[in-house]
Amino acid sequence: MTLVSAASACTALVAGILIGGWIFGGDNAEGQNREKAQGDPLCLEFECRDKDSQRMGCHIGAWTSAATWSGRTYIELRYSPRCRAAWARITDAHVDDTARVESSRGVSNERSVTYENDTYSPMIEAPYPASARACGVIKGKETCTPSGGPSPMPPALTDEREPARKPAPTESG
C-alpha cells in the first residue's frame, strides 16, 4: 500500500511539474517570441524621422549605401532596410563638424560632433537607399555623397558604435 501511495505521489508530482511548465513556460515559444520582439525595430519609415537609429533598433542590419571623403573625414549614408530609414555618419571629424542626411523630398536631419571625432545624424524616412544622401560640413566646407546605391558598399558595418576604420585617401600632388 505504501509503495502504491509513493508511486501515485511521484506521478502526481511529475504531472504537476509538466502541466505547470506547459502553462507557465510551455515549450519556450513565448520566450522565443519575446526575444524576437526585442530585435524588431521600433519604427518604420516616417515614424523614424528625428529618431536615433540605435535606440530604435534600426542600426541592426544597416549598411553603407554611399560614401565619400572630405580630407581625412569619412562621410557615409547609412541605410536600414528593416526600418526603411537613413542617416549620415561622419568619422575622423572634429568638434563642431556636422553630419546631415537629406531626402529627395527635402527632409533633413543633422547632428554636430560634440566630443571625440565622430557622430551620426538622427534618421529620416527612406523607402529605398536612392531616396537619400549624406553630407558632412567639415571645417565649414560641405561635401555630400551621391544618392544611395542599391547594395551595401564593402565593408558594411552593422554596429553604429564602431566608426568606420578605413584609411584616408592619399593626397597626390
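These values consider heavy atoms only, across backbone and side chains, with no hydrogens, waters or symmetry-generated copies.
Sorted by first and then second residue, the pairs that involve residues 126-139 and meet salt bridge (charged side-chain N to carboxylate O under 4.0 Å, His left out), not counting sequence neighbours, are Glu102-Arg133.
Remark: the backbone N or O of Arg105 is paired with a side-chain donor or acceptor of Ser103 at under 3.5 angstrom. Looking only at distances, a side-chain donor or acceptor of Ser65 sits under 3.5 Å from a matching main-chain atom of Gly149. Counting only distance, with no hydrogens or angles, the side chain of Arg100 and the backbone of Cys135 share no donor-acceptor pair below 3.5 Å. Side-chain atoms of Tyr120 do not come within 3.5 Å of backbone N or O of Ser53 as any donor-acceptor pair. Of the possible polar contacts, none joining the Thr64 side chain to the Arg78 backbone as a donor-acceptor pair under 3.5 Å is found.
Here the side chains of Thr143 and Thr68 are in contact, with some heavy-atom distance below 4.5 Å. Considering only heavy atoms from C-beta on, Val113 stays 4.5 Å or farther from Asp96 through its side chain. Side chains of Ile75 and Ser70 form a contact here, defined as non-hydrogen atoms less than 4.5 Å apart. Put simply, the side chain of Thr98 does not reach to within 4.5 Å of the side chain of Glu142, judged on heavy atoms. Inter-residue side-chain proximity for Met123 and Met56 is flagged as met; some heavy-atom pair is nearer than 4.5 Å. Annotation: side chain of Tyr79 is in contact with side chain of Arg84 (closest heavy-atom distance under 4.5 Å).
We find the CD1-CG distance between Ile138 and Asp92 to be 10.0 Å, quoted to the nearest 0.5 Å. Once rounded to the nearest 0.5 Å, the distance linking CD1 of Ile124 with NZ of Lys51 reads 14.0 Å. The line from CD1 of Ile60 to CG of Asp40 is 9.5 Å long, rounded to the nearest 0.5 Å. The distance from the OG atom of Ser151 to the CH2 atom of Trp63 is 6.0 Å, given to the nearest 0.5 Å. Lys141 contributes atom NZ, which lies 10.5 Å from atom OG1 of Thr73 (distance to the nearest 0.5 angstrom). In this structure, CH2 in Trp87 is found 12.0 Å from CZ in Arg111, a value given to the nearest 0.5 Å.
Here the two cysteines Cys58 and Cys48 have their SG atoms 2.5 angstrom or farther apart.
Taking each heavy atom of Ser147 and Ala66 in turn, the nearest pair found is O-CB, 4.0 Å. Minimum interatomic distance between Val101 and Ala132 (heavy atoms only, all atoms of both residues): CG2-CB, 4.4 Å.
Between Tyr74 and Trp69, the ring planes are tilted. Angles from 30° to 60° get that label.
None of Val137, Asn117, Thr119, Asp118 except one satisfies the side-chain contact (heavy atoms from CB on, under 4.5 Å) rule with Ile90; the exception is Thr119.
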